[in-house]
Novice: 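Sharing a structure here in structure tokens format.
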Amino acid sequence: MLEQIAGGLALGGVYALIALGYTMVYGIIELINFAHGEIMMLGAFYVLAFSVSMSPDISNAFAIYTSIAFYFAVDSHLNKRFGLYGIAFAVILAFFFWFSSRKLFIAEITPLIAIPLAVIATAISGMALERIAYKPLRNSPRLAPLISAIGASLFYQNLAQIIFGTHRYSLPMAVKISNAKILGSNFALAPVLIILSAVVIMIALHLFIAKTRIGTAMRATAQDKYAASLMGINVNAVIAMTFAIGSALAAVGGLLFTIHQKTLWPYMGFMAGIKAFTAAVLGGIGSIPGAMLGGFILGIVESLGAGLFGEAGYKDAIAFVILIGVLLFKPTGILGKRSVIKV
Amino acid sequence: MIKYLKKIREKKGKRWFALALIFALLPLLHLYYPHISFRLFDDRIDFHLGVYSLALLYVALAMGLNLSIGFIGMLDLGFAAFVGIGAYTLAILTNHSTLPFWIFIPVAALTAGFVRMVLGATCLHLRGDYLAIVTLGFGEIFVTLLKNNPGGLTGGPDGIPLSLLRLSLSDLTRFWLAYFFAMLAVWTVYRIKFSRIGRALESIREDEIAAEAMGIPVYRLKLLAYSLGGVIAGGIGALLAVEVGSAHPSNYDFFESARIVAMVVVGGTGSIFGSALGAIGFVFLLEIFRPLAEYRMLIFGAVMVLLMIYRPKGLLETERKRSKKKLSKLDCQK
């Protein structure tokens, strides 16, 4: 029972981290970012690519992808007057050569370098995604960005499948962590580590949004984009920043998910993404504490439910049954604001 | 291309007739050229009757979804589940009885319509994206149920094969069946759109509160349009299962729903002709991309993104246009 609750909390922490990305993006531009699960998958694969030496084909393909993403990310976030295009190209070239000739350097870099690198690269991917697929559609009918999100999700899934193949990979550090035990070797380390890191990251995010200038700008933009732009807030930069932070959280979520599941594979983003989105809606979409709460509730219920009903395949349905049940009685989620329509 | 699209946008009545005629003439074409094939990257692409009937069936599905997305503006991400309900109803009933299969097509349609009515009656008060996620959740629950084979009915992850039934019908029979039902669906939706109910639905889409104030029974009409979409999905889903030759859980997952949503939106939300074109275009494009193997869905995703960026309102916009948006939303991002 205790093991199950710990496992549920760990899974909940992962869902919550991914759900934060959904809810932040939704809070600012009212878009269901369907490609977010794929961004999380990409984050896990970045950790893999940075910490294990892959075959030259794979690392070349990944390097090309990263370079393109980096180009668009720079295009989205930074103004041209900074003259950052030159730097961007330099970094792209550096990335490319580093990836393709990394055997000249060290065979395996430590997790302490690999994880931050992967987080940054995923954040770049998220910004590039926003720049390419969502920014041109900001003033279009609401369904247009949704369709382009689904298109982007398909694109990323198949890109990962082409680059990495369909089989499952295992991440050395994840294997090491998930085999480790604490407390006199009868309690697994992985859930504790996952919960701790999820909670630390959430507190950091809360402080970031509540205390910093950028956080304030984000809150202002979420309330009213037009008024925020009148106050001198660069709305485009704030939106790009939101995507960057959401994707960075997704990368950590992906890593923790890999630790939890012990493997990673190109389709892992879909189900985890949908469930994280469910968690965000459960807590009230657009609300950051709601996403955390929804994630933890979903994780625990799913873990306990799987224990109660045996290991049947109905596990995936539990989340959605809970969601429908909650929405029937509380139509805007647990912590969501009741939207009052004024005539 | 865009010029041509504008041209057909102006001729509303005739373009339907032209499309129906083209599809009615396809069997004739098939008589002389059973396989229209050309080469792409050292691979042959075949256009044969099966592809045409698939296109027709997807046209009908797009009509069914258009009833909820286009007419009342409710995003539905679990539409494929209702297609699946129709398919599985037909598959289970034909496996357990000796009656001819076409009797079960209306049964399948009504079953799916009923389930959708029940779902709609409980969830239609939810707004916007909350409704979307509930439909998505329903779709996922449905697929999970199918995979777990409750009561030994659904055949688990392998689905129920219908290849015997498929072989018992000739290509031409299946084509005309698809043609008949697609035209029926299109005609129904067309008649609804330009009737009192259609105008009422449109007013609900534009402003629910104003519509209610005008005395339109909002909830009832929403439920009507929503469950009618289920009826269409069920009937066409049964035919689609026969056409494909099996009822398989993976045919009714989220990506199938997303694909049908994309057909409607790419064609032009609310426009009947547009979503029909969208459906035909999707089926044909998927067929053309087939030789690209694993690159197919990659390119397909990219095409979806690009299409939305360059024509965000779809290939054909809705005929009656929206009134101008509020000023504050318009200016801030440009």
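The sequence lines fix the lettering, A, B, ..., with proteins before strands; numbering per chain opens at 1.
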Novice: Is it the backbone or the side chain of A:Leu323 that comes under 4.5 Å from a heavy atom of chain B, or both, or neither?
Specialist: side chain
Novice: Heavy-atom pairs under 4.5 Å with chain B: which of A:Thr278, A:Leu146, A:Asp224 has the most?
Specialist: A:Leu146
Novice: Less than 6.0 angstrom from the centroid, inside 45 degrees of the normal: does B:Arg259 satisfy that with respect to the ring of B:Phe282?
Specialist: no
Novice: B:Tyr310 versus chain A, heavy atoms under 4.5 Å apart: side chain, backbone, both or neither?
Specialist: neither
Novice: Contact part of B:Leu77 toward chain A, heavy-atom cut-off under 4.5 Å: side chain, backbone, both or neither?
Specialist: side chain
Novice: Taking side chain as everything from C-beta outward and backbone as N, CA, C, O, which of these in A:Ile32 sits under 4.5 Å from a heavy atom of chain B? Side chain, backbone, both or neither.
Specialist: side chain
Novice: Heavy-atom distance under 4.5 Å to chain A: side chain of B:Leu126, backbone, both or neither?
Specialist: side chain
Novice: Using non-hydrogen atoms and a 4.5 Å limit, figure out which bit of A:Tyr156 sits close to chain B: side chain, backbone, both or neither.
Specialist: neither
Novice: Taking the six-membered ring where the residue is Trp, are the ring centres of B:Phe300 and A:Phe155 under 6.0 Å apart?
Specialist: no
Novice: Under 4.5 Å heavy-atom distance to chain A, tell me which part of B:Val134 shows up: side chain, backbone, both or neither.
Specialist: both
Novice: Please classify the contact between B:Ile69 and chain A as side chain, backbone, both or neither, with a heavy-atom cut-off of under 4.5 Å.
Specialist: side chain
Novice: Can you tell me which portion of A:Leu137 sits under 4.5 Å from chain B's heavy atoms? Options are side chain, backbone, both or neither.
Specialist: side chain
